[in-house]
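This chain uses plain numbering: 1 for the first residue, then up along the sequence. Whatever order the structure lists ligands and atoms in, that order sets their numbers, starting from 1. All values below were derived from every heavy atom in this structure, side-chain atoms included, with hydrogens, water molecules and symmetry-related copies excluded.
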Amino acid sequence: MPADPHPEKRVEVIFSASTIAARLDELAVEIAARRIDRLLVIAVLKGSFVFAADLIRAMHANGIAPEIDFLTLSSYRKSKVSSGQVTILRDLDLDVTGRNILLIDDILESGRTLAFAKDLLSARGAARIHTCVLLEKKVPRAVEIEADFRAFDCPEVFVVGYGMDVAHRYRELPFVGHIRQ
Ligand code: IMP
Ligand code: MG
């Protein structure tokens, strides 16, 4: 079967592009208020790349000039169900020793991904680590962790768009949505 050229037609919008943009402006103000010294932003790929790209520009508008690095982790693989195991697919370039970090991820669900990343940075000698997620699902955590900053509470459905995928698709959508069954 040929690929559907307009997958967004089957996706119900949960958070629109304008809703996200307005919320990111508020989040950037909250982050700026912490006055974090020599900030290093670490975006967990791939899911957070769109969120991180928009957030750092909203942060720039609030006078923050961070360094930026990326950490590619895998927990979901091809399925919608977490394997429960987090692995490093591509590591950071920068040394995090003594650094104040803003760790950015797309979704906080079981907590495994964010906790893995935070523990890794702590083990490497990072100073203060603030965590920041676009979406938080209010489900029981497998690992005890809360985000310091969060844009939205997310309904308990599998979401796509704004960087998030199912089997590598839908990342290009400018909104967060849910695929209609
Ligand atoms: P956790 O490790 O269970 O907290 O899950 C977080 C990771 O799983 C995130 O980094 C996402 O990449 C992925 N994830 C969790 N829920 C969804 C979803 O609804 N859509 C897409 N990815 C998700
Ligand atoms: Mg992810």
Side-chain angles (χ1 to χ4, degrees), residues 3-4 7-17 19-20 23-24 27 31 40-56 68-92 96 101-124 126 129-181:
D4 181 350
E8 70 280 7
K9 291 228 169 93
R10 300 187 346 257
V11 183
E12 211 170 294
V13 177
I14 300 176
F15 300 109
S16 70
T19 299
I20 295 169
R23 181 67 187 118
L24 263 54
L27 208 55
I31 294 166
L40 171 60
V41 166
I42 294 180
V44 176
L45 299 180
K46 300 175 190 168
S48 80
F49 79 111
V50 176
F51 174 44
D54 282 346
L55 184 61
I56 57 170
I68 299 159
D69 202 355
F70 303 94
L71 177 65
T72 310
L73 298 181
S74 171
S75 53
Y76 259 65
R77 300 283 171 188
K78 277 179 240 150
S79 83
K80 287 185 183 177
V81 181
S82 171
S83 63
Q85 225 196 327
V86 183
T87 54
I88 300 175
L89 297 184
R90 198 177 299 124
D91 210 333
L92 298 165
V96 299
I101 291 167
L102 182 69
L103 179 62
I104 299 181
D105 202 2
D106 51 2
I107 304 189
L108 173 59
E109 191 171 10
S110 76
R112 288 190 190 99
T113 308
L114 201 61
F116 177 92
K118 196 176 176 186
D119 290 350
L120 182 76
L121 299 173
S122 296
R124 290 179 181 176
I129 304 165
H130 289 87
T131 54
C132 176
V133 297
L134 175 68
L135 304 172
E136 179 175 339
K137 288 189 184 171
K138 298 284 181 196
V139 296
R141 305 264 182 268
V143 182
E144 202 57 49
I145 187 163
E146 289 307 323
D148 297 299
F149 304 100
R150 136 201 146 295
F152 302 103
D153 282 335
C154 183
E156 287 174 43
V157 292
F158 195 84
V159 296
V160 296
Y162 201 66
M164 295 172 288
D165 73 313
V166 56
H168 308 288
R169 296 186 63 210
Y170 303 99
R171 293 194 199 273
E172 77 286 3
L173 299 179
F175 54 85
V176 174
H178 163 59
I179 302 172
R180 268 187 230 127
Q181 296 304 325

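Within the set Leu108, Leu73, Val139, Val159, the minimum heavy-atom distance to atom 21 (C) of ligand 1 is found for Val159. Considering Glu109, Arg171, Arg141, Lys137 only, the shortest heavy-atom separation from atom 15 (C) of ligand 1 involves Glu109.
A distance of 5.0 Å separates CD of Glu146 from CZ of Arg141, quoted to the nearest 0.5 Å. To the nearest 0.5 Å, the span separating CD1 on Ile104 from CG on Leu45 amounts to 10.5 Å.
A heavy-atom separation below 4.0 Å is not found between Val166 and ligand 1. Assignment of Leu114 to the shell around ligand 1 is not supported, since no heavy atom sits closer than 4.0 Å. The closest approach between Gly47 and ligand 1 stays at or above 4.0 Å for every heavy atom of the residue.
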Evaluate side-chain contact (heavy atoms from CB on, under 4.5 Å) for Leu71 paired with Asp91, printing each intermediate quantity in order. CA-CA 5 Å; Leu71 177 65; Asp91 210 333; 3.8 Å; yes
What do the steps show when you test Phe175 against Val11 for side-chain contact (heavy atoms from CB on, under 4.5 Å), and what is the final call? CA-CA 10 Å; Phe175 54 85; Val11 183; 3.8 Å; yes
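Using a 30° and 60° split on the angle between ring planes, Phe152 and Phe15 fall in the parallel class, below 30°.
One finds no salt bridge joining Lys137 and Glu156 here, because no Lys/Arg side-chain nitrogen approaches an Asp/Glu carboxylate oxygen to under 4.0 Å. Taking a cutoff of 4.0 Å between a charged side-chain nitrogen and a carboxylate oxygen, Lys118 and Asp148 do not qualify as a salt bridge.
With ligand atoms numbered from 1 in the order given, ligand 1 contributes 10 (O) to contacts under 4.0 Å with heavy atoms of Asp105. For ligand 1, the atoms sitting less than 4.0 Å from at least one non-hydrogen atom of Val157 are 19 (O), numbered in the order shown with element in parentheses. With ligand atoms numbered from 1 in the order given, ligand 1 contributes 17 (C), 18 (C), 19 (O), 20 (N), 21 (C), 22 (N) to contacts under 4.0 Å with heavy atoms of Phe158. Ligand-side atoms of ligand 1 in range of Thr113: 1 (P), 2 (O), 5 (O), 6 (C), 7 (C), range being under 4.0 angstrom from any heavy atom. Ligand-side atoms of ligand 1 in range of Ser110: 1 (P), 2 (O), 3 (O), 4 (O), range being under 4.0 angstrom from any heavy atom.
In terms of N/O distances under 3.5 Å, ligand 1 is approached by Asp106. In terms of polar-atom proximity, Gly111 is counted as a contact of ligand 1, with an N or O under 3.5 Å from an N or O of the ligand.
Taking 4.5 Å as the limit, some side-chain heavy atom of Leu135 sits within range of a side-chain heavy atom of Met164.
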